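Working notes, structure below.
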Amino acid sequence: MRVTFATAEFSPIASVGGLAAAAAGLVGALRRSGIDVDVLLPDYNAVADGVVDTIELDVPLWAGPATAKRVEHPVAGSIYLIDVPGIAKSHPYLQPDGNGWLDNTDRFMRFSAAVAAFIRQTSPDVVHLNDWHTAAALAMLDPLPPSVLSLHNLAHQGATGGEWLELLGPQSAHFEWWGGFNPLSGAIAVAHKVVAVSPHHATEIVSDGQGFGLEEPLRARGDALIGILNGIDTTVWDPQHGGYIEASFSATDLSGKADCRDAVVDELGLVDDDSLLAVAVTRLTDQKGIDLLLPLIELLDEIPLRLAVLGSGDRHLSDQLVAASQGSARFAFVDGYDEALSHRLIAGGDLFLMPSRFEPCGLTQMQAMRYATIPIVTPVGGLVDTVPDVDAHPRRGRGFVMADISSTALVSAVHRAVRRCSSRRLDTLRKRVMSIDWSWDAPAQQFIKIYRDISH
Ligand code: ADP
Ligand code: GLC
């Protein structure tokens, strides 16, 4: 079985958020199961080294010239880097000031046209597209190949002016949305299978007001819309053998976890006392509810608790976090995207804070549990599937679920967590969350079954 897998991010070549890790994790597991996967990724940096093969892509004039350059990456494996005019930038989506590049629609429409050309020229058994950056490829194909569309984040749809509809081609009628062009609504309508990144989110997005305006087209797909929970790369997020952390630990010997905490507390210059350490690693966007932490920061002395946040994104959020951290011995903020630090922080934390306003799946709560760090989450999306509350479910609970999406609910969940995690019951909980299998093996088998079903 040969699958073309198109994505705007792929770890470790181009990472902004979970899309990169999810794409790389799934592709790795598919390849281990014998699926032949051609990965198509924008060539953001115009990589010239290590190209082992080049395919000229036959795209319409407005989209070209387009080439697919195959590289053998030491970690990511075989990848086609797609070069189209304007795609190479310092960041996949954002200008240095945090606003989107003004030509993002043009860039990803050209990328999608190149994806469509690659599919026409190589005739894969199945096409797997991810999010709006690749979705328009289906507008340009006739007949439509067996296709899967993964929905990682419906907040970004790439909707734009109706002038694009004339450029698209055979399926363009499906992509018209309130007089304009919407890559995601169109691909939702025509893909053979539409996959949300968690089962609970699949039910949310067909509910009134929770589908980012796409509730109707999603509902219209009936059983063709399903949810498959993402996995994480458990060889990278490995407390026993992973290379990133101060000391290794396991469910049978947790002692190294305290060394991880001491090391990161020292690294960030936080006060050295016995209080618990809460951490967050996140994109700084409205979605993640990081503004809800601000009232908590004021209470850190009283609780008492230490808090460390690693994040990058919106300037107004990072400015607020920088201001709150100044002169504080209990709160540290690191502005940036730093994979190594994310491991040290998550492994060193006692609690992991994730007050998301919405969360299609969320990988960081799973990464946290792998490192025996107990999550505090909102009751949304994939957080519902992955974090049952320990007080509501004493035998199978894994963390603390906030009553609603507010600072008050966050503070009260933190109080609950501090009370419980200061007792011997903490180790039982840590062992429980560490023993869950979050690997991509099971989700990959679900995708393979879908690929088989739709390609027959
Ligand atoms: P989203 O995709 O919405 O950002 P996820 O939880 O699905 O959220 O995935 C985020 C991914 O990006 C995780 O792998 C996480 O470890 C990583 N990540 C997020 N922010 C940072 C950061 N500032 N530094 C390093 N890694 C980060
Ligand atoms: C998106 C979502 C996140 C999900 C990730 C990978 O960025 O915000 O919840 O885990 O994609 O699917």
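In what follows, residues are counted from 1 in the order of the sequence shown. Hydrogens, waters and symmetry mates are skipped; everything else that's a heavy atom, side chains included, is used. The structure presented is a predicted model; accordingly, all values stated were derived computationally and were not measured. Indexing begins at 1, ligand by ligand and atom by atom, following the structure's order.
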**Study point:** Atom indices of ligand 1 within 4.0 angstrom of Gly17 heavy atoms, with elements
**Key:**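 This gives 2 (O), 4 (O), 10 (C), 11 (C), 12 (O) as the contact atoms.
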
Review point. Counting from 1, what ligand 1 atoms have a heavy atom of Asp338 closer than 4.0 Å?
Key: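 Answer for ligand 1: 24 (N), 25 (C).
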
[atom]: nearest protein contact (heavy atom, Å):
atom                    : answer
atom 10 (C) of ligand 1 : Gly18 N, 3.4 Å
atom 18 (N) of ligand 1 : Tyr337 CE1, 3.7 Å
atom 4 (O) of ligand 1  : Arg283 NE, 2.6 Å
atom 14 (O) of ligand 1 : Gln367 NE2, 2.9 Å
atom 20 (N) of ligand 1 : Thr282 C, 3.4 Å

Only pairs under 3.5 Å count here: list side-chain donor-acceptor contacts from residues 307-321, not counting sequence neighbours, and write none if there are none.
from, atom 1, to, atom 2, distance (Å)
Ser318, OG, Asp314, O, 3.4
Ser318, OG, Arg315, O, 3.1

Is a side-chain donor-acceptor pair under 3.5 Å present for [Y] with [X]?
X      : Y      : answer
His156 : Tyr93  : no
Gln210 : Glu215 : no
Thr4   : His128 : no
Lys257 : Thr373 : yes
Glu359 : Thr378 : no

Check your understanding: Can you list the residues that meet the side-chain hydrogen bond (donor to acceptor under 3.5 Å, both in side chains) rule with Asp286, with sequence neighbours excluded?
Key ->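 Partners of Asp286 under the side-chain hydrogen bond (donor to acceptor under 3.5 Å, both in side chains) test: Arg357.
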
Review point. Does atom CD of Gln95 have more than 12 heavy-atom neighbours, drawn from other residues, nucleotides or ligands, at distances under 6.0 Å?
Key: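 Count over threshold, so yes.
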
Please report whether ligand 1 has a polar contact with [X], defined as an N or O pair separated by less than 3.5 Å (distance criterion only).
X      : result
Glu339 : no
Lys288 : yes
Thr364 : yes

Exercise for review: Apply side chain to side chain donor-acceptor pair (under 3.5 Å) to Gln287 and Asn153, showing your working.
Suggested key: CA-CA 10 Å; Gln287 171 186 345; Asn153 202 326; 3.1 Å; yes

Point to revise | Close approach, Cys361 and ligand 1, non-hydrogen under 4.0 angstrom | key: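 No heavy atom of Cys361 comes that close to ligand 1.
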
Review point. Within less than 4.0 angstrom of ligand 1, does Gln287 place any heavy atom?
Key: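 True for this residue.
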
Review point. What part of Asn153, side chain, backbone, both or neither, has a heavy atom within less than 4.0 angstrom of ligand 1?
Key: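 Under 4.0 Å from ligand 1, Asn153 contributes no heavy atoms.
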
Practice item. Could you check which of Leu363, Val334, Leu383, Leu345 puts a non-hydrogen atom nearest to atom 7 (O) of ligand 1? Key: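 Nearest option to atom 7 (O) of ligand 1, by heavy atoms: Leu363.
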
Review point. Which option out of Gly313, Ser312, Gly336 puts a heavy atom nearest to atom 23 (N) of ligand 1?
Key: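 It is Gly336 that holds the nearest heavy atom.
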
Check your understanding: Measuring from each atom of ligand 2, which residues have a heavy atom under 4.0 Å away?
Key ->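 Lining ligand 2: Gly18, Leu19, Ala22, His152, Asn153, Val197, Asn230, Arg283, Gln287, Glu359, Pro360, Cys361, Gly362, Leu363.
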
Practice item. Determine yes or no for a side-chain-to-main-chain donor-acceptor pair under 3.5 angstrom, with Ser406 supplying the side chain and Ala409 the backbone. Key: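 Yes, because the side chain of Ser406 sits within donor-acceptor range (under 3.5 Å) of the backbone of Ala409.
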
Check your understanding: Quick check: does any side chain N or O of Asn130 sit under 3.5 Å from a backbone N or O of Ala6, one acting as donor and the other as acceptor?
Key ->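 Yes; at least one donor-acceptor contact below 3.5 Å.
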
Point to revise | Partner of Met402 under side chain to side chain contact (heavy atoms under 4.5 Å, CB included), chosen from Ile376, Val411, Leu383, Val414 | key: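 The side chain to side chain contact (heavy atoms under 4.5 Å, CB included) with Met402 is passed solely by Ile376 among Ile376, Val411, Leu383, Val414.
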
Point to revise | ring pair (Phe, Tyr, Trp, His ring centres under 6.0 Å) partners of residues 353-372, not counting sequence neighbours, each pair once | key: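 Output for this query lists Phe212-Phe358, Trp237-Tyr371, His343-Tyr371.
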
